Amino acid sequence: MSPSPPPTMKSLDALHNLPAVESGDADVKNVDDDGRERRTGTFLTASAHIITAVIGSGVLSLAWALAQLGWVAGTVILVTFAIVTYYTSTLLADCYRAPDPITGTRNYTYMGVVRAYLGGKKVQLCGLAQYGNLVGVTIGYTITASISLVAIGRANCFHKNGHGAKCSVSNYPYMAGFGLLQIFLSQISNIHELSFLSIIAAVMSFSYASIGIGLSIAKVASGKVGKTTLTGTVIGVDVTASDKVWKAFQSVGDIAFSYAFTTILIEIQDTLRSSPPENKVMKKASLIGVSTTTVFYILCGCIGYAAFGNIAPGDFLTDFGFYEPFWLVDFANICIAVHLIGAYQVYVQPFFQFVESKCNKKWPENIFINKEYLWKIPYLGKWRLSPFRLVWRTCYVILTTLIAMIFPFFNSILGLLGALAFWPLTVYFPVSMHMAQTKVKKYSGRWLALTLLVLVCLIVSALAAVGSIVGLIDNVKKYKPFKNID
């Protein structure tokens with residue numbers, strides 16, 4: 001292990017946060033217009049990041065969401081959220097540079113963009129919504145990955161002993177294993193170096209979604225399907241009147257959260273090379289990401305609902321909507337776990353960068369915080385390792401893993417966080433910054449249309465949050481700590 005050339009103490013990440021012309025270890029030809037090492041991201045890598053962030057294992061719960069909403073409302077809401085998300089993502093992509101979307105000054109984070117266009121307390125509101133959501137996602141992904149791995153053991157048990165067998169498998173060893181792997185991957189210095197992981201994760205997400213669709217088609221073809229209706233679950237038959245309302249709101253929140261990739265859009269855009277212009281590449285990547293995921297969402301949701309009807313499970317792979325072929329169900333759950341390994345890093349890296357940049361500014365001359373070493377790892381090449389990153393990121397992963405173990409119902413909290421974060425991060429800030437950037441005249445037709453969009457989405461997010469709170473309360477009541485310990 002040998003120390004890298006002595007860095008200046010102005011930043012933490014030599015690769016992308018430190019101006020290369022200041023560090024003295026890069027040729028001027030290899031830097032971007034902001035003096036930082038030349039970015040290498042492309043349309044492909046941006047699309048992979050978006051798909052990894054958007055197509056989560058929640059795609060397998062969309063059949064349940066449609067069961068609560070019905071054919072008409074469920075499909076309309078899915079498509080509407082897709083259109084709104086794509087539109088606001090194009091507005092946000094134009095705000096990466098300020099004041100001009102092509103020649104303006106770069107902003108490296110979502111908070112930086114809000115600071116450039118809006119300023120004031122809105123910057124802190126943005127940070128609270130964004131980073132609170134990112135931390136929540138990492139905890140939720142730890143739980144979801146362990147559930148998928150547990151489902152593999154249970155599927156094998158059911159295959160061997162029959163579907164009525166009592167197959168109990170503890171989540172905790174799998175959570176611990178997932179956490180250990182994330183400790184290792186968290187030493188990747190920043191999101192710029194995650195392209196390979198995102199591409200693998202994107203392939204995995206397509207794989208398990210396709211398997212879920214295929215198994216649902218087979219169930220429909222067999223004729224053994226559940227009852228479906230235009231309005232979803234039937235009051236007095238499937239649910240009570242109050243349950244119908246709250247679960248419908250919760251379903252809207254789940255759908256909204258499934259499109260919330262704008263949380264990290266600016267951080268993804270900051271990985272792109274400057275030619276062609278970043279905003280144009282990002283818009284194309286957003287279009288591909290949103291349209292591709294919407295097709296998979298509709299297929300999984302609609303075909304899954306057609307297969308299971310109003311009694312659709314929350315997740316038709318881990319909740320055993322299918323038992324056979326068990327090996328295919330096992331493979332799908334492995335794909336979910338692998339996808340979540342990559343998705344965890346895509347979501348956590350912006351939070352790592354936020355904390356580390358704050359520490360760097362506070363203690364710019366501290367060797368422990370700023371010193372980096374080049375370490376050659378067999379088969380993985382050279383990694384830039386930092387003592388501070390090693391300690392702080394390891395502590396973060398351990399803490400979030402412990403929270404996942406203690407509160408296995410945290411996914412219900414995640415739905416609430418998603419509902420709360422959707423409006424400010426996906427709608428309000430992009431629209432407000434667009435109006436500030438283009439100087440939309442107050443009370444003009446465009447101003448009225450954009451304001452109406454913001455207000456409607458606020459109401460929808462509030463209703464979804466209420467539904468998520470009701471669902472969370474129900475899960476807390478059912479919670480039995482450490483019930484899975486054998």
Side-chain angles (χ1 to χ4, degrees), residues 51-52 55-64 140-182 197-226 292-293 295-309 311-344 408 411 484 486:
I51 291 171
T52 298
I55 298 188
S57 58
V59 66
L60 302 174
S61 68
L62 289 176
W64 178 86
Y141 280 0
T142 302
I143 297 170
T144 306
S146 71
I147 291 173
S148 295
L149 294 171
V150 163
I152 296 172
R154 295 186 66 202
N156 294 338
C157 173
F158 287 136
H159 177 73
K160 182 179 180 181
N161 302 312
H163 298 170
K166 184 179 180 181
C167 297
S168 178
V169 181
S170 174
N171 293 45
Y172 301 107
Y174 295 105
M175 289 186 186
F178 185 84
L180 286 172
L181 181 57
Q182 292 302 337
L197 203 56
S198 284
I199 291 172
I200 293 172
V203 171
M204 293 297 102
S205 63
F206 284 133
S207 298
Y208 67 72
S210 298
I211 291 172
I213 293 169
L215 290 173
S216 296
I217 292 174
K219 185 173 177 65
V220 171
S222 72
K224 299 177 181 179
V225 297
T292 302
T293 53
V295 169
F296 271 85
Y297 282 179
I298 291 175
L299 288 174
C300 274
C302 292
I303 299 177
Y305 181 43
F308 294 102
I311 58 171
D315 182 318
F316 52 64
L317 286 178
T318 60
D319 286 347
F320 291 93
F322 303 103
Y323 288 92
E324 302 291 343
F326 80 99
W327 57 269
L328 187 58
V329 175
D330 284 355
F331 179 70
N333 280 305
I334 291 173
C335 290
I336 292 174
V338 173
H339 166 249
L340 292 176
I341 289 170
Y344 183 105
N411 277 341
N484 288 329
D486 293 332

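Just so you know, these numbers come straight off a predicted model, no measurement behind them. Just so you know, these numbers use all the heavy atoms, side chains as well, and skip hydrogens, waters and symmetry mates. For reference, positions follow the sequence shown, starting with 1.
Distance check, rounded to the nearest 0.5 Å: SG of C335 to CG of D330 gives 11.0 Å. Expressed to the nearest 0.5 Å, how far CZ of F331 lies from CD1 of I152 amounts to 10.5 Å. Here C300 contributes atom SG and I211 contributes atom CD1; the two are 11.0 Å apart, rounded to the nearest 0.5 Å. Of the inter-residue distances, the one linking Y174 atom OH with S148 atom OG reads 11.5 Å to the nearest 0.5 angstrom. To the nearest 0.5 Å, the span separating SG on C167 from NZ on K160 amounts to 10.0 Å. In this structure, OG1 on T292 lies 11.0 Å from OH on Y297, to the nearest 0.5 angstrom.
Formation of a donor-acceptor pair under 3.5 Å by the T144 side chain with backbone atoms of Y141 is not found in this model. Looking at K219, its side chain never comes within 3.5 Å of a backbone N or O of F308 through a donor-acceptor pair. A side-chain donor-acceptor contact under 3.5 Å links H339 to the backbone of T52.
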Practice problem: Verify side-chain contact (heavy atoms from CB on, under 4.5 Å) between F296 and S210, making sure each step is shown before the conclusion. | Solution: CA-CA 8 Å; F296 271 85; S210 298; 3.5 Å; yes
Exercise. Please lay out, stage by stage, how I51 and F206 fare under the test side-chain contact (heavy atoms from CB on, under 4.5 Å).
Key: CA-CA 9 Å; I51 291 171; F206 284 133; 3.8 Å; yes
Practice problem: Go through Y208 and I334 one step at a time and tell me if the side-chain contact (heavy atoms from CB on, under 4.5 Å) criterion holds. | Solution: CA-CA 9 Å; Y208 67 72; I334 291 173; over 6 Å; no
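Checked against ring pair (Phe, Tyr, Trp, His ring centres under 6.0 Å), F326 has the following partners two or more places apart in sequence or in another chain: H159. Residues that satisfy the side chain to side chain contact (heavy atoms under 4.5 Å, CB included) test with P325, not counting sequence neighbours, are L215, W327, L328. Shown here are the side chain to side chain contact (heavy atoms under 4.5 Å, CB included) partners of L181, two or more places apart in sequence or in another chain: L185, I341. Residues passing the disulfide (SG to SG under 2.5 Å) test with C302: none are found, sequence neighbours excluded. For V220, the side chain to side chain contact (heavy atoms under 4.5 Å, CB included) test picks out V225, A306, A307, with sequence neighbours left out. With sequence neighbours excluded, the residues forming a side-chain hydrogen bond (donor to acceptor under 3.5 Å, both in side chains) with S198 are H49, listed by chain and number.
The minimum heavy-atom distance linking L340 with F178 is given by the pair O-CZ, 3.9 Å. Taking every heavy atom of both residues into account, A165 and N161 meet most closely at CB-CB, 3.6 Å. Shown here for A337 and L149, the closest heavy-atom pair between the two residues is CB-CD2, 3.9 Å. Nearest heavy-atom pair, A201 versus A343, reported as atom, atom and distance to 0.1 Å: CB-N, 4.5 Å. Residue I303 comes nearest to S216 through the heavy atom pair CG2-CB, 3.4 Å, listed as atom of the first residue, atom of the second, then distance.
In this structure, I336 and M204 have side chains that are not in contact, with every pair of non-hydrogen atoms separated by 4.5 Å or more. A 4.5 Å side-chain heavy-atom check between Y305 and L62 finds every atom pair outside the cut-off.
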